[in-house]
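Just below is one structure, and these are the notes that go with it.
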Protein chains: 2
Amino acid sequence: MLKLSRLADYATLLMCRMTREPEAALSAAQLAQALGLPLPTVAKLLKRLTRAQLLSSERGGNGGYRLARSAASISLVDVISAVDGAPALTQCVNTPGSCAIELNCETRGHWAAINHAVSSVLSGVSLAQLGSARAIVIKPPQRIDQRKEGASRR
Amino acid sequence: MLKLSRLADYATLLMCRMTREPEAALSAAQLAQALGLPLPTVAKLLKRLTRAQLLSSERGGNGGYRLARSAASISLVDVISAVDGAPALTQCVNTPGSCAIELNCETRGHWAAINHAVSSVLSGVSLAQLGSARAIVIKPPQRIDQRKEGASRR
DNA sequence: CTAATATAGGACTATATAAGTCCTATATTG
DNA sequence: CAATATAGGACTTATATAGTCCTATATTAG
């Protein structure tokens, strides 16, 4: 169905929430409370996001997490990758050798391009946009063209 | 990780293989054999693809499956949707009411646009392209822009 | 210096979803 | 009418994901 993992989904909510208070050090408990999500899960996500350097953390009393850089410079693909690893529509994109028919697969070469196009869409959306009330508008024909053989449908 | 389901992956291989003999009625057994995939799984996929009207089928001796229309007019999103349902990065895109915080979620309105952009990429790739040796070229900046027009959500 | 608080990292368990298999019914061909 | 092939759905199994918990470490306040 091509969906985000639940954790990745939560992570975007978490990051969006933090975008609203970029200066404050928010604890895992505060965030779990604010979003109505289970604390252990939120804590796990915050650790992964910190590890990926999207958040910075401080220990001890008054400690917590905050955005490591501006919300405009953090994209959806950053968040998703931090939580679940980089998008890979097919195994062969990031893990060569994982498919039995890889060697004589006609389609293999194309998947890298397709995967890249999908990632591009997600890297084009920043936390700042996601948290804004303004509509995100897709630059129209979001096309993948085949050289030479025009035959693009539509 | 944002990956295709294994079945969707198999389905693209299956469809690609059929693209090479669009006229022939290929049986489930023949296709399973040709691709080195388990027969029951291939049979299941063929049934779903037929149900979605991407393939036409004939029963009885000399029966089998063939593309219901030209390979150029069948896109990846068609195949994926037939097997797994339409792409829905977040639950709320296709199944409103499934998220507890839906009502006051800031990001909800944006996901429909993002989902649409991703789907567009996949609908821009046809079976004909996927089976061709020619490179699929992504039209460069695959961007999502923020425009100042009124918030469409809410 | 000690107690309290908070994150870091990883191991472990449970669960939901996907994948795979199988059974029965129906249609077509020779 | 026998053989072959798809149609549909129920069922089982496997796997990946999600969730939980434990121990270690760092920081702050008193």
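A quick note: this is a predicted structure, and the numbers were derived from the prediction, not measured.
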Within the sub-3.5 Å range, which N or O atoms of nucleotides 15-17 of chain C have a protein N or O partner, and how far apart are they?
none

[atom1]/[X] to [atom2]/[Y] distance, rounded to the nearest 0.5 angstrom?
X: N94(A); Y: L89(A); atom1: CG; atom2: CG; answer: 10.0 Å
X: S5(A); Y: M1(B); atom1: OG; atom2: CE; answer: 10.5 Å
X: R20(B); Y: L67(B); atom1: CZ; atom2: CG; answer: 12.5 Å
X: L26(A); Y: R17(A); atom1: CG; atom2: CZ; answer: 6.5 Å

Using a strict heavy-atom distance below 4.0 Å, which residues from residues 39-64 of chain B are in contact with DNA chain D? K47(B), T50(B), R51(B), S57(B), E58(B), R59(B), G60(B), G61(B), G64(B)
Distance-only, no hydrogens or angles: does the H110(B) side chain make a donor-acceptor pair with backbone N or O of S132(A) under 3.5 Å? yes
N/O donor-acceptor pair under 3.5 Å between Q129(B) side chain and S126(B) backbone: yes
Under 4.0 Å between a Lys/Arg side-chain N and an Asp/Glu carboxylate O for D84(B) and R6(B)? no
Would E21(B) and R66(B) pass as an ion pair if we require N to O under 4.0 Å?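 Between R66(B) and E21(B) there is no salt bridge, as every charged N stays at least 4.0 Å from the carboxylate O atoms.
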Touch class at under 4.0 angstrom, heavy-atom based, for A28(A) against every strand present: sugar-phosphate
Taking atom C1' of dA19(C) as reference, at what distance in whole Å does atom CG of D84(B) sit?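 About 11 Å, once rounded to whole Å.
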Of all nucleotides in DNA chain D that come within under 4.0 Å of a heavy atom of chain B, which is furthest toward the 5' end and which toward the 3' end?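 With heavy atoms of chain B under 4.0 Å away, the range is dT4(D) to dT17(D).
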Evaluate the criterion side chain to side chain donor-acceptor pair (under 3.5 Å) for residue pair S73(A) and S70(A); output intermediate values, then yes/no. CA-CA 5 Å; S73(A) 69; S70(A) 78; 3.2 Å; yes
Side-chain touch L127(B)/M18(B), heavy atoms, less than 4.5 angstrom: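 Answer no - side chains too far apart.
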